Amino acid sequence: MYWRIIRNDILKSKAITLTTTMFVAAAAMLVSLAAILVVNLSGALDTLMTQAKTPHFMQMHSGELDTGRLKAFAEQNHNVDEFQVLEFLNMDGSQIRFGNRSLAKSVQDNGFSIQSEKFDYLLDLDGNVIHVSEGQLYVPISYMKDNTAKVGDKAVISGKAFTVAGFLRDSQMNSALASSKRFLISKSDFEDLKNLGSIEYLIEFRLKDLSKLGEFETAYASAGFEANGPTITYPLFKTMNALSDGMMIGVILLVSLLVVAIALMCIRFTLLAKIDDDYREIGVMKAIGLRISDIKKIYLAKYAAIAAAGCILGFALSFMFKGLLLGNIRLYMGESENASFALLFGIIGILLVFLAIIAYVNGVLRRFRNISAAEAIRFGISQEKTVGAKRINLSGNKLLNTNVFLGVKDVLARKRLYATMLAVLVISAFIMIVPQNLHNTISSENFIKYMGIGNSDIRIDIQQTDHISEKAAEIIKAMNSDSAISKHAVLTTKTFQAKTEDGSEERLKIELGDHSIFPVEYAEGRAPAAENEIALSAMNADELGKKVGEIITLVMEGKEKKLTVSGIYSDITNGGKTAKAVFTDHSANIMWYVICAELSDRSLLDSKVSEYADRFDYAKVSDIDEYMAQTYGSTISSVGKASKSAIASR
């Protein structure tokens, strides 16, 4: 009987049934996709970091290193399981060539390493630890994706020839958000190149218990070890690797919830309209003694069939599109060990959609309890619906023509029905506009200010070089005499010890200079303006437990200096743990310089970048648009895919 009722009802309203089914299918597809992507991303990330044995704590350092003291610390600290120091040979991008292509315009710190013996392994695309032979070169996977290099290419590194033997996955530096990229070569080739670049040390620890990471960080900072470079921990490695695809999944999940809401609104609209049409028949069924539960089953059967058909179709569509969205995850992280659970979670996702629809329809059908059999048979329409409409009548209307008046009267008579239609239109607009606006926002040139970097035309980084202050002075002098430069800012990064609430010390990297020339956006507060003020990155503020207006104590030349937190900002540079201040200091060594400049004529940008790059070969010179594209390109691309999926779902 139910099948006959469903079939006849569908035949009478084919267009409405098809539209509702497609909305349910879109909702089920997106929910299933989000579930499948979450399972694959988390599984692939865990697999990559397990296979590579990613360090739990890593300190990059340029300069002299007391390895013996570090080894003694590792042996004495009860939290340390394994310890090693790896050498990372920084090389100027112009010295790295693949055929007629070079990395001269790369904003990354490109360098060469040998395979680790203990942990932090570099893996091939099958997830195996790479064993490299003399003359072979393994290239970071990001340079495969942008077609810079291919297997079999002849590479020339500072005049020495190599053959590209393959591509590598690096659990530390895979992400474009990581500022460095490692190439893998043999020990003998590394020794040949060692004097042609600058050595940076990767001081790495794996702990017995990852939950003791905070305790270990404090102990390392208090010991005062070398720290001329970023400090990065295991959770941050995971975040950086997952961020691009994680944002895409987040957008898809948001859109899926909104599409589910639209599907429910569409069902509500059609169901209320159907109840209106069948109002007298419902009264008759109640009058002859049919139970409300039996009447509800007649309507539930149809929408259960629509929900089931839509969910099955959506599940099938999710498997058609998952390959496209999983491509980036598989490329950078490999296959997930949890891939077999993806199907299960996809099924759970569509079951939740199905149950939500059934529960919602059941809730709407509760109104059957309020239908009077006598009233329904006599009038054929709910008398409650006419209350709003009775307040206005045609004879009293002087403002509206007849057609408009009757339209308004119908809306007032069936407010709930038209409110549902309005909700559908609002949510549909939201789905189309918000993801696209998010994509436009993060691809905007101003978005960089939300990432801890000022919006300039040219960015020059000076690091890992001797006589760094003298070299920075050369560039500053050149900019002062360059009429094409309208303004510039010089920022120096130094390391200071900060006292925490429990009396221990935390190492704090502070960027000193005038932060008003190329300001960043602050989540709370403002930029530091006085010498007793400091701004903290969000990650540092969380770890130090500081809010705007609170005091932080720095130790400088053995003396304590109290600073007031003026603002908190988002930052992904240098491991996300940075601070900004304007005080002057001559005690701490300068770790690196960042010189930002704005041109009076932006059409000169390419020529000026080339001019400064050629003239000051010890500095990394880039235009800010290229910096954005290389650093956030994969994130922008992932969010772009999600926004297109949102539009397609409409």
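Everything numeric in this text was worked out from a predicted model, so none of it was measured. What you see below is based on every heavy atom in this structure, not just the backbone, and it leaves out hydrogens, waters and symmetry mates.
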Would you list the atom pairs, donor with acceptor, under 3.5 Å between side chains in residues 307-320 and any protein atom, with sequence neighbours excluded?
{"residue": "Ser318", "atom": "OG", "partner": "Ser32", "partner atom": "OG", "Å": "3.1"}
{"residue": "Ser318", "atom": "OG", "partner": "Phe315", "partner atom": "O", "Å": "2.6"}

Set of residues satisfying ring pair (Phe, Tyr, Trp, His ring centres under 6.0 Å) with respect to Phe183, sequence neighbours excluded: Phe112, Tyr143
Can you tell me if Thr578 and Tyr569 form a side-chain donor-acceptor pair at under 3.5 Å? yes
Tell me the closest heavy-atom pair linking Leu45 and Ala242, and the distance in Å. CD2-CB, 3.9 Å
Between Ser116 and Gln84, a side-chain donor and acceptor under 3.5 Å: yes
Determine which pairs satisfy side chain to side chain donor-acceptor pair (under 3.5 Å) with at least one residue from residues 44-55, sequence neighbours left out, and list them in order. Asp46-Lys238, Lys53-Glu82, Thr54-Ser171
Taking the side chain as everything from C-beta on, heavy atoms only, tell me whether Asn174 gets closer than 4.5 Å to Leu48. yes
So, the side chain of Arg169 versus the backbone of Leu331: is there a donor-acceptor pair under 3.5 Å, distance only? yes
More than 12 heavy atoms of other groups within 6.0 Å of Phe341 CZ: no
Closest non-hydrogen atom pair between Leu213 and Tyr234, with its separation: CD2-N, 4.4 Å
For the pair Lys181 and Asp170, find out whether any cationic side-chain nitrogen is under 4.0 Å from an anionic carboxylate oxygen. no
Is the count of non-hydrogen atoms from other residues, nucleotides or ligands lying under 6.0 Å from Phe345 atom CZ greater than 12? no
